[in-house]
Each structure stands twice: as C-alpha cells, then as structure tokens.
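Note: hydrogens, waters and symmetry copies are ignored here, and every other heavy atom, side chains too, is used. Proteins get letters first, then strands, A, B, ... in listed order; numbering begins at 1 in each.
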Amino acid sequence: MSSLNRRTFVASSALLALTGVRSVSAQSTPTGSPAAERVIEHVGGTTTLVGDPQRIVVLEWYLLEQVLAAGIQPVGVADIDGYHSLVKLPLELSDQAVDVGTRQEPSLESIAETLPDLILADDGRHETIYDQLSAIAPTILVPFDDRSDDVTPLDDLHNRVHLIGQAINRPQATQQSLEQMERVLSEQSARLDAAGLAGIKFAIASWYTNNTDPTLRMFSNQHIVGDAVAGLGIDNVWPDTGEPVGFSTVGFEGLVDLPAETHFIYIPTEDGGFADLLANDPILTSLPFVVEGRTYGLAHDTWTNPGTVGVEILVTRVVDALTGEGNA
Amino acid sequence: MQGMAPPVQGSGRAAAQASARATHQTGRGLLVVALGLIVLAVLVVLHVRQGMATIAPSEIIDAILRPDGSPQDQVVRHARLPRVAAGIVAGAALGISGVLLQAVTRNPLASASTVGVNAGAYLAVIAATLFAPGLMLFSSPLVAFSGGMLAALVVYALSAGSTATPTRLALAGMAITLGLGSLSSILILFNEYTISGLYFWGSGSLIQRSWTILGDTWYWVVLIGVVSTFFLSRSLDILGLGDEIATSLGQRVGRIRLIATLLGVMAAALAVTIAGAISFVGLISAHLVRLAGVRRHRLLLPAAALWGAVILVGADVVGRAYAGQFNEVPAGIFTALVGAPWMIWLARRVGAMQGAGAQPVPLAQAARPARAWLPWVMALVALAVVSLLALRFGDSHVSWTALIRTLTGDAPNALIRNALIDHRLPRMLVAGMAGMALAVSGLLVQGVVRNPLAAPDLVGITPGASVGAISLLLAMPDLPVGLLPVAAFSGACISFAAVYALSWSRGLNPTRLALVGIAASAAAGAITNLIIIKNPMQLTAALTWLSGSTYARGWNHVAQLAPWLLVLVPLAWLTGRWLDLLALGDDLPQSLGVRLDRTRLAILAIAVGLAAAAVSVVGAIGFIGLLAPHLSRLLIAGKHRWLIPFAALIGATLLIGADAIGRSLMAPDEIPSGLVVAALGTPYFLWLLWRSRSIQARR
C-alpha cells in the first residue's frame with residue numbers, strides 16, 4: 001500500500017503541475033519578466049497580478065516557509081517572534097522584515113505602512129478581513145487544505161505551494177521546493193530499505209502537557225505529519241478517526257490496542273517529561289513496544305505543521321531515529 | 001428551603017406526630033441513599049467498560065483481582081479505575097460543597113461554579129503555567145486549589161456574605177467569572193501554541209494520569225464530609241430557620257457560617273483540583289435529594305455527596321458515549337448541558353417563592369447635583385477627547401497636525417489618509433455605536449429585571465449570539481463568512497426568545513428571568529465549548545470572537561450598525577417613562593394603568609434588538625451593558641429620559657477608549673477591545689459591589 005501511495009503521489013504531482021490548480025491561467029512566464037500578467041483565482045476571488053512582486057507581506061507561518069524556500073525575503077511578516085521561537089527551520093528571515101502583528105489579527109496599518117504589492121493570507125484566519133487587505137494590496141487567500149475527503153495532506157501541500165508560486169511569480173522555484181522534498185523522501189525511504197525497515201508499522205504522536213492530563217496527539221494519514229512519514233514506505237497504524245484536524249487527542253489508554261510490533265515515534269516537549277513517563281508510567285511501561293525498546297524520540301522542536309522544508313527535516317529525523325544513525 | 005422546625009412544646013399527640021415525621025424522613029433518606037448506591041454501582045460498571053482499549057468485562061475483573069502486568073490490566077488499574085474514582089470523589093466533594101454553601105447563604109442557587117471557584121482555578125493554572133512553571137511542576141493541584149479558594153472567598157465577601165439574596169450571589173459570581181475569564185482569554189490568545197491544551201482542562205475533565213492526585217485529596221473530601229455531617233448538621237438545620245431564631249436558640253451564627261463556608265469552598269476547590277472546572281453538580285445533587293424529601297443535614301450531606309457522584313459519573317458516561325471511541329469530550333460540558341434545564345426548573349420555583357414584589361436596589365445613587373449640567377458637559381468632553389485620542393494614537397504614527405489636516409480634507413499623504421479614514425475612523429464609529437447600543441440595552445434590561453446587576457448577557461442575548469457565530473465560524477466553515485452577523489443576530493434572538501418563554505409563567509417575574517438567563521448562558525457556553533473542542537486548531541479565531549473585538553471594522557460595518565441605532569435608540573428613549581414606573585414595583589404601575597407584561601416585552605424587544613445588532617458586529621462584548629448604566633447612575637440622578645442618553649455617551653466613550661487602548665498598547669499586536677473592557681471593568685465593578693454591600697446593610 002505504501003509504495004503505491006508514493007507512486008500515485010509522484011504521478012499526481014506531475015499531473016497537477018502541468019494542468020495547474022484552481023484554473024490558474026496559463027499565462028505565467030519565467031521569472032523576471034516584468035510585463036507578465038497573471039490572473040489567479042483563489043478562495044477570495046480573482047486577482048490580477050503584474051510582474052514580480054517586490055514587497056510581499058506574509059500573514060501565516062506555513063506561507064512564510066514556502067516564500068523563504070523560494071528564495072524571497074518578505075517585507076512584512078505576522079508574529080516574527082513566534083516564528084523564531086516555535087518554527088525551527090533552516091530558513092533565514094531577514095532582520096529587515098517588519099512585524100505586522102498577530103497572525104489572527106494583523107495590524108492593517110502596519111501592513112499598509114510596508115507599502116506591499118502582494119499580501120499572502122490564510123483562508124482560515126483572514127477570510128473576514130479579505131476586503132480590507134485587498135484595499136491595501138492585491139491579496140491571495142490561500143486555503144490550507146481542501147476539505148474534501150480524497151485529497152491527501154501531501155496533495156494539499158502541493159496545491160498550496162503551487163498557488164504560492166503563481167502568486168510570487170516563482171513557479172519554478174516552488175516546483176523545485178517540491179521536487180527537493182520528493183528527493184529527500186526517496187533518499188530517506190531508501191535508507192530505511194537499506195536498514196531492513198521497509199514496510200514496518202509505526203505510529204507518530206506529539207506529546208503536550210495538558211495540565212495533569214496525559215494527552216498525546218496521534219497523527220493519522222489525514223495529517224501531513226502522518227502522511228509524510230507514511231510516504232517513506234512504512235505503515236501508519238493509527239486510523240483515520242474522522243477528526244477534521246487529522247489527529248486524535250488520546251490518553252495512554254489509546255496506545256493499548258496498537259499492534260505489538262509498532263514502532264512508536266514521538267515528539268516530546270522541551271522539559272523531557274515524556275521520557276520520564278516512558279520509564280515510569282505503569283501503563284506505558286507495560287506496552288510491548290515500550291518494553292522492547294521500539295520508541296523513538298525526535299527533537300522537541302520538530303515542527304508539526306511542516307511545508308516542504310519542514311517535511312524534509314521531519315522525515316530525516318524520523319529515519320535517523322528509526323535506524324539509530326545520523327546526528328539526531 | 002428550611003429545615004423542619006422542632007416543636008418546642010406540645011401535647012403528646014403533637015410529639016407523636018413529630019416523631020412519626022422524623023421516622024418517615026429517615027426512611028425516605030435511607031431510601032434515597034440506597035437508590036443512589038444502586039444507580040452508582042450501575043454507572044460505575046458502565047464507566048469502567050468505556051474506553052479506547054478493547055477490554056472485555058471478564059478481563060476487567062481479572063485486572064482488579066489477579067493483575068498480571070499486561071497493558072490491559074495496567075489500563076484498568078491506572079487509567080479507568082482512577083477515572084471513575086475521580087468522578088466519585090469529585091462528585092461527592094461538589095455535592096457536599098453545594099449543600100454547605102446553600103445552607104450558609106440560605107440560597108438555593110449557591111454552588112461551586114456560581115461562586116467563581118472554577119474561574120479562579122482556571123486563571124491560576126494558566127498564569128502559573130506561563131509565568132511560574134516551576135510552581136506547576138512542584139504541585140499543580142495546589143495552584144488550582146489556591147486559585148479556586150481565593151476567587152470564591154472574594155465573591156462571598158463582595159456579595160455581602162450571608163445577607164446576599166439568591167440573585168445577588170449568582171450575579172456577583174458571574175461577574176467574577178467574566179472578569180477572571182477575560183484575563184484567562186488574554187493569556188491564551190497571546191500564547192496560543194503553548195497553552196491551548198489548557199482549554200480542555202478548563203471545561204472539566206476526569207482523565208487521570210495516575211492515582212497521585214486522588215491519593216492526595218480523597219481523604220480531605222472524606223474529612224470534610226465527616227466533619228460537616230457529624231458536627232455541623234444540627235447547627236446548619238437551625239441556621240436554616242433564620243439568623244434571629246438561631247441566635248435565640250444559642251447558636252454562634254457567625255462562627256458556624258464561617259466554618260461552613262470554609263469547608264464548602266475547600267470541598268469545591270478540591271473538586272476542581274481533581275477534575276477541572278465542572279459546573280452544576282452541587283446544585284443538582286442537593287436539590288435532587290431535597291426533592292425526595294430529605295431535609296435534615298445529617299442525611300442531606302451524605303445523600304448529596306452520593307448523588308453528586310452519581311451525576312458526575314453519569315455525565316462522563318454520557319459524554320464518552322457521545323464522543324465515540326477515539327475522542328475525549330470534557331465531562332464538564334455535559335454537566336452544564338444537563339444542569340441548565342435543571343437550573344431553569346429550579347429558577348421557576350425560586351422566582352415564585354421570592355415573589356414579584358421585589359424592590360429594586362440601585363447600587364448607588366448620586367445626590368441631586370447642584371449644577372446639573374456639569375456631568376453632561378464632562379461626558380461630552382470625555383467622548384470628544386477619547387475620540388480624538390483614538391484617531392491620533394495607533395500603530396502608525398500620525399501627528400496632531402496631520403490628523404487635523406486629514407480631517408479637513410488635506411491629508412499629507414496617502415498612507416496617513418488611509419490609516420485615518422479607512423481604518424481608525426470607521427473603527428471608532430463602530431466602537432462608539434456598539435458601545436452606545438450596549439449601554440442603552442443594559443439600562444433597559446436593568447429596568448425590566450429590576451436588578452442593578454443585570455446586563456444583556458444575562459437574558460441570553462450574548463451567549464446565544466456566540467453559539468450562532470461559533471457554529472458558523474468553526475462547524476460550518478464552508479458557509480460565506482459574510483453570514484456571520486446574521487448567524488450571531490439569529491442566535492441572539494432565538495436565545496432570548498427561549499429565555500423569555502421559559503421564564504414566563506402567569507406573567508413575567510424579573511428575578512426568574514435573570515436566573516433562567518444564567519442557566520441559558522451556561523448551556524450556550526457548554527455548546528460553544530463543545531464546538532471549539534471539536535475544532536482545536538481554530539481556538540484563536542473562536543476566542544477572538546467570544547472576547548469581542550473592533551478589529552478591522554470598516555465602513556460597511558458602520559452601515560450595518562447605524563440603522564439599528566437610528567431607529568431603536570429614540571424608541572428606547574420613549575420608553576423612559578415606563579421604565580421609571582416599572583422601577584416603583586409591580587403594584588403601582590398596574591394601578592396607574594400600565595400593562596406590565598406587554599410593556600416589559602416591548603422594552604426587552606428593543607433591548608434585544610440593540611444588543612443583538614451590536615454583538616453581531618463586534619462579537620461578544622460583555623461588561624459595557626453592566627458598567628455604563630451604573631456609571632450613569634453614579635454621575636447623574638434622574639429619570640430614564642436623562643439616564644438613557646447619558647448612558648449612551650458613557651458606553652460610547654468606554655468602547656472607543658477600549659478600542660484605542662487595545663490596538664495601541666502592544667502595537668502591532670492587538671488586544672481585543674472586549675477583553676480590555678472586561679479587564680479594566682472588573683476592578684471597577686468589584687468596587688461598586690463592595691460599596692453597595694454597605695449601602696444595603698444600612699437600609
């Protein structure tokens with residue numbers, strides 16, 4: 001099942017790249033051609049963009065990741081402090097970028113002051129202010145995901161990246177980000193094969209303290225974390241439970257029905273509390289995969305809402321942990 | 001809710017009757033207890049069988065009797081049993097707490113959640129997680145406990161302790177809950193990633209990691225139960241007869257009240273420590289047992305403890321059945337959904353007992369000022385100044401000269417013009433209009449409910465709007481967001497209609513309306529929480545709407561709001577005469593030919609229209625409807641025809657000011673104006689409450 005998934009992904013991504021998403025007009029030209037006009041249809045409406053945007057304002061971190069990966073520095077970003085402290089990616093944000101406020105309610109005055117020629121906004125958060133944003137500069141409202149059932153998270157990522165590429169007039173750079181991610185997925189998958197770990201069962205969870213409640217977020221393949229790791233050719237045993245967010249919040253009891261041969265991958269919090277629990281908690285220490293040492297902790301700052309760069313880091317860390325190699 | 005009066009003297013027949021009654025009651029009490037034990041046993045069995053892991057009943061028994069270290073056994077012993085035990089212990093603690101607090105305040109509506117324990121614990125846990133994580137690691141239960149205790153004691157003190165009427169205590173508790181809740185919201189909004197998980201706990205959760213917390217708390221609960229049953233019961237029975245009778249019978253009233261309060265609040269805080277913020281359990285269990293005929297505290301306390309456990313475990317069973325196998329839904333949501341109808345039923349009975357002739361007690365009243373024009377001038381000046389400041393200050397820098405030039409049509413540059421005309425001016429107008437609408441609406445509602453602590457939130461307007469808006473935003477995101485005001489408005493009207501209908505019983509009793517409104521608020525809050533928990537990634541969007549915000553309100557919002565004000569505010573002003581008459585009680589207006597019910601309905605309809613219009617544009621802003629009327633009454637004495645415009649001025653000034661502060665204080669980050677108003681309003685409101693306590697005592 002897993003290799004079929006990957007083949008499908010590669011084929012569909014190529015197909016989508018050719019046909020375009022959401023009927024983007026086929027007039028996009030190579031980068032640097034100033035007279036190029038492109039019409040983009042998106043959730044907020046239809047926006048016409050001319051030439052290379054020079055001053056981009058980005059209002060969400062997943063949008064920022066792709067813009068930086070395409071080699072462009074924005075002039076304004078929402079919640080820069082949060083980005084630096086929570087989203088640990090090897091993508092440098094220039095000191096010149098202006099903080100324009102919180103992601104949920106960015107300051108319209110600050111955005112206007114940066115004199116932008118393009119605003120990238122998130123459909124979920126900014127639909128209500130789309131009109132105000134459009135009055136300042138052409139605004140593209142990017143949907144995080146397509147809410148229909150048969151679009152996988154990796155497909156959603158592809159769609160987003162494609163749309164962003166059209167908006168910033170760097171379709172080739174963004175396509176390269178996707179291809180780079182695909183390459184890393186193949187490489188890491190090959191590493192797993194070489195270590196004899198192809199097709200193993202796994203579960204991936206992030207641990208966060210919920211006061212005193214034991215809560216794990218178990219990622220199914222409806223979340224990009226689960227989907228990306230499953231793209232390595234291994235088998236996610238956590239089922240799709242119908243949660244719109246793609247993960248289930250469970251106590252330790254939720255782990256009991258996992259198959260004994262599961263490889264349990266987790267992203268802990270910084271204080272190391274989960275490692276303590278793995279050693280001492282009565283339920284956890286009775287689980288077969290804990291007893292037999294099949295638990296693998298990733299670095300605590302592994303970002304759980306990754307784009308192309310984040311996925312590369314995630315799968316590399318996962319394979320490092322599973323094979324015991326690398327500098328994880 | 002009085003205890004049985006012991007016959008002081010009487011014939012042998014009377015004595016025989018009395019002892020027959022006593023036996024009858026003991027019989028009933030034992031029946032209640034026996035029934036409770038049976039139901040609890042059944043629920044425990046159901047509860048232990050629920051859970052994500054597939055464990056057969058025989059395996060469960062094996063796990064208890066012959067554990068062999070398998071994961072299933074460990075789950076039963078370390079997850080399921082602690083969870084059901086938490087339900088039993090916390091439920092019992094809540095039951096005991098309910099009875100004690102009700103006895104002390106002689107107030108059938110007193111319980112843990114209505115005295116602010118939950119809000120206090122929640123804020124303490126959030127604040128400690130953010131600012132003193134070491135404290136949380138050391139003893140997170142202690143943090144929850146202290147927070148809960150502090151808040152409850154503040155509420156108790158502010159509502160004048162034992163002289164509190166039922167409504168006053170409930171409203172004071174609600175005010176503290178709102179105020180502390182706004183602080184919690186601010187902290188969550190600015191630390192979305194780190195502490196969004198606490199939102200779950202804040203709705204009450206029986207999940208236990210181990211036996212640790214239970215191990216530290218269960219014996220305290222038992223101790224409190226034992227002490228109150230064996231040493232306080234008789235005193236509490238006599239206390240129920242009234243302070244004077246009790247004193248004449250030799251009871252040290254003050255001391256008993258203090259001890260009982262401390263024990264009650266402690267039990268409530270213990271419950272929060274174990275299970276998070278759960279509401280209504282104490283309320284329901286105490287009344288359930290009283291309904292069965294048990295009156296004396298010696299039986300009432302243990303029975304209420306037992307039935308509290310039944311209710312909480314039962315709510316968890318229902319909640320988990322609803323949530324399905326792979327999800328967790330906080331038990332607190334279901335206790336609210338079950339408890340609200342119960343409280344409405346209770347409110348109908350309480351209102352009847354209180355009688356419709358309750359005189360209004362204004363919190364404070366200004367003496368007739370010698371220069372009656374001074375407050376008006378000051379109010380107008382304040383409004384003008386605040387408006388100018390709101391335009392001048394903000395994220396971008398705009399100097400005074402630039403401001404004046406732009407307003408006169410000669411803007412220095414496009415950016416400044418854009419900032420002022422496109423962003424700040426419409427925001428200021430929306431804030432002003434919404435503030436006006438909420439203030440006038442509050443004044444009208446207070447006039448009808450005849451209680452100075454009433455507000456539009458109280459009669460179900462804001463909570464209903466919240467359900468409508470959050471449903472649209474989170475549960476139905478595919479619908480166009482332009483429908484948001486419509487959803488909020490409809491929610492508000494439907495909710496008010498329900499509250500009105502439910503509190504109507506051979507006429508409208510203002511007290512009953514208030515109490516039903518509180519219950520409806522709780523139910524609406526539970527529904528809203530449920531939607532939010534199912535959509536955790538949109539917590540921030542939901543919290544922002546629920547806090548109330550003037551962010552990004554533009555000229556289209558001005559156009560949406562203006563017609564409502566233009567029509568309804570003059571209408572409200574016209575009702576001024578009726579409001580004056582209503583303030584005199586029920587009999588006088590009727591004798592003057594006022595048709596009470598119709599008048600009240602008309603006034604409330606105007607109030608609902610104003611508040612719903614405001615809330616549908618700016619979200620769930622509370623406090624202005626509560627504050628502005630009081631500020632007005634403090635500053636000018638007089639009839640409603642003067643109060644209404646004055647309150648409008650005050651309301652507008654307050655919200656414009658909150659808007660300006662919210663977007664300037666931490667620019668470019670924005671603090672929702674509703675939170676600014678609540679955070680600044682709470683201290684003032686507490687001060688008002690404190691003052692009114694002494695006024696009431698002097699009457």
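Neither the backbone nor the side chain of A/Phe144 comes within less than 4.5 Å of any heavy atom in chain B. Using a 4.5 Å cut-off between heavy atoms, A/Asp281 contacts chain B through its side chain alone, with no backbone atom that close. For B/His78, the parts lying under 4.5 angstrom from a heavy atom of chain A are both the backbone and the side chain. With a 4.5 angstrom heavy-atom cutoff, A/Leu287 touches chain B via backbone and side-chain atoms both. For a residue to count as touching a neighbouring chain, one of its non-hydrogen atoms must lie under 4.5 Å from one of that chain's; by this rule A/Leu108 touches chain B with backbone and side chain alike. In this structure, no portion of A/Leu284 lies under 4.5 Å from any heavy atom of chain B. Neither the backbone nor the side chain of A/Leu255 comes within less than 4.5 Å of any heavy atom of chain B. Contacts between A/Val245 and chain B at a heavy-atom distance below 4.5 Å involve the side chain alone, from C-beta outward. Interface remark: A/Gln132 contributes side-chain atoms only to the contact with chain B (heavy atom separation under 4.5 Å).
A salt bridge links B/Asp659 to B/Arg427: at least one charged side-chain nitrogen sits closer than 4.0 Å to a carboxylate oxygen. Ion pairing of B/Glu670 with B/Arg663 is absent here, as no side-chain N (NZ or NE/NH1/NH2) approaches a carboxylate O to less than 4.0 Å. Salt-bridge formation is detected for the pair A/Glu109/B/Arg424: a Lys NZ or Arg NE/NH1/NH2 atom is positioned less than 4.0 Å from an Asp or Glu carboxylate oxygen.
When each of B/Leu484, B/Thr54, B/Asp395, B/Asp73 is checked for heavy-atom pairs under 4.5 Å with chain A, B/Asp395 comes out on top. Taking A/Gly254, A/Gly124, A/Pro106 one by one and counting their heavy-atom pairs under 4.5 Å with chain B, the maximum is reached by A/Pro106. Highest contact tally toward chain B, considering only A/Ser286, A/Ser110, A/Gly82, A/Pro288, is held by A/Ser286 [criterion: heavy-atom pairs under 4.5 Å]. Ranked by heavy-atom pairs under 4.5 Å with chain A, the list B/Ser549, B/Pro668, B/Pro672 is led by B/Pro668. Of all the listed residues (B/Ala541, B/Ala414, B/Ser70, B/Gly276), the one sharing the greatest number of non-hydrogen pairs under 4.5 Å with chain A is B/Ala541. Most heavy-atom pairs under 4.5 Å with chain A, from the set B/Ala128, B/Gly554, B/Gly394, B/Gly51: that is B/Gly51. Between chain B and the residues A/Asp131, A/Thr285, A/Ile129, the largest count of heavy-atom pairs under 4.5 Å involves A/Ile129.
Rounding to the nearest 0.5 Å gives a distance of 11.0 Å between CZ of A/Arg294 and NZ of A/Lys201. Here the CD-CD distance, from A/Glu253 to B/Gln72, works out to 10.0 Å after rounding to the nearest 0.5 Å. Note: B/Ile416 CD1 to B/His397 NE2 = 8.0 Å, rounded to the nearest 0.5 Å. Interatomic distance, OG1 of A/Thr304 versus CZ of A/Phe247, reported as 8.0 Å (0.5 Å rounding).
At least one cation-pi condition fails for A/Arg217 and A/Trp207: the charged atom is not both under 6.0 angstrom from the six-membered ring centre and inside a 45 degree cone around its axis.
Aromatic pair A/His42/A/Tyr130: centroids less than 6.0 angstrom apart.
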*asked:* Go through it in stages, so that I can follow the logic: the residues are A/Glu113 and B/Leu415, the test is side-chain contact (heavy atoms from CB on, under 4.5 Å), and I'd like the CA-CA distance, side-chain angles, deciding distance and then a yes or no.
replied: CA-CA 7 Å; A/Glu113 272 192 329; B/Leu415 259 186; 4.2 Å; yes

